[in-house]
Amino acid sequence: MRILPLLVYLKNKPIAARYELIKQVSSITHGHIRSAIACFYYLEFALWILKGEKKLAIYQRLQKDIAGYLQSVNIIQEERNLFNRLLVDRIDMMPEDQIQSSGYVLHTLEASIWCLLNTDNYKDAVLKAVNLGEDTDTTGAVTGGLAGLLYGYEDIPKNWLNQLARKNDIEDLALRMSKSVD
């Protein structure tokens with residue numbers, strides 16, 4: 001839920017460099033390869049949003065790209081199989097009662113992608129994520145990150161933005177960060 005800002009530093013790097021950097025950064029708090037893979041998937045999804053791709057096309061692209069890349073860097077099959085709902089199946093077609101939102105990295109990622117693929121605006125995506133229950137802040141934050149990139153700042157409800165503590169500081173930080181990598 002904290003890795004999305006890394007995207008500004010990764011966006012112009014080749015896939016191998018992106019993967020290695022994501023693995024290093026995610027291991028600061030979560031050292032398991034599963035967390036690194038989930039963060040990699042999340043940031044790759046975000047990257048394709050920045051490139052203007054449609055969300056379902058991104059989902060389908062990542063089924064090939066991520067699966068192939070994980071195999072090429074010798075991630076064991078058992079670990080790759082845990083991501084089958086994203087890399088093989090059609091998670092967007094799964095009923096809500098099969099989506100978990102426990103805060104476990106794989107559940108969070110699956111829930112967020114499911115919410116994004118089953119809505120068409122920022123508000124609905126985030127509300128769907130939060131209404132799944134369980135670890136609502138994590139799933140809401142991960143979903144909100146992708147939905148914000150996909151639908152744009154203008155689509156975030158103004159009354160939500162106006163309630164943010166230190167909103168001006170957050171906006172200033174985001175602006176400074178974006179300028180530092182351009």
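Both backbone and side-chain heavy atoms feed into the values below; hydrogens, waters and symmetry mates do not. Remember, it's a predicted structure, so these values are computed and weren't measured experimentally.
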Plane angle bin for H107 and Y104 - parallel if under 30°, tilted between 30 and 60°, otherwise perpendicular: perpendicular
Under 3.5 Å, side chain of S27 to main-chain N/O of Q24, donor-acceptor pair present? yes
Distance col, row I28:CD1 vs K23:NZ, nearest 0.5 angstrom, shows 14.0 Å
Contacts under 3.5 angstrom, residues 152-161 side chains, donor-acceptor by atom type, not counting sequence neighbours:
residue	atom	partner	partner atom	Å
Y153	OH	E171	OE2	2.6
D155	OD2	Y122	N	2.7
K158	NZ	E154	O	3.4

Which atom pair, heavy atoms only, marks the closest approach of A111 to T139? CB-CG2, 3.8 Å
Looking only at atom types and distance, does a side-chain atom of N118 sit under 3.5 Å from a main-chain N or O of W114, one as donor and one as acceptor? yes
Which pair of heavy atoms, one from E79 and one from I33, lies closest together, and at what distance? CG-CG2, 3.8 Å
For the pair D89 and R85, evaluate salt bridge (charged side-chain N to carboxylate O under 4.0 Å, His left out) and give the outcome as yes or no after the intermediate values. CA-CA 5 Å; D89 302 333; R85 287 168 47 125; over 6 Å; no
Can you tell me how the ring of F40 sits relative to the ring of Y69, calling it parallel under 30°, perpendicular over 60° and tilted otherwise? tilted
N/O donor-acceptor pair under 3.5 Å between Q63 side chain and L86 backbone: yes
N/O donor to acceptor pairs below 3.5 angstrom from side-chain atoms of residues 126-138, sequence neighbours left out:
residue	atom	partner	partner atom	Å
N131	ND2	L127	O	3.0
D135	OD1	T138	OG1	3.1
D135	OD2	T138	OG1	3.1

Indicate the atoms forming the closest heavy-atom contact of I37 with F83, along with that distance. CG2-CZ, 3.4 Å
Show me the side-chain donor-acceptor pairs of residues 46-57 shorter than 3.5 Å, one per line, residues at least two apart or across chains.
residue	atom	partner	partner atom	Å
K55	NZ	L116	O	2.9
K55	NZ	T119	O	2.2
K55	NZ	Y151	OH	3.0

Of all the heavy-atom pairs spanning I22 and C39, show the shortest one and how long it is. CG2-CB, 3.6 Å
Heavy-atom donor-acceptor pair, R18 side chain to L10 backbone, under 3.5 Å: no
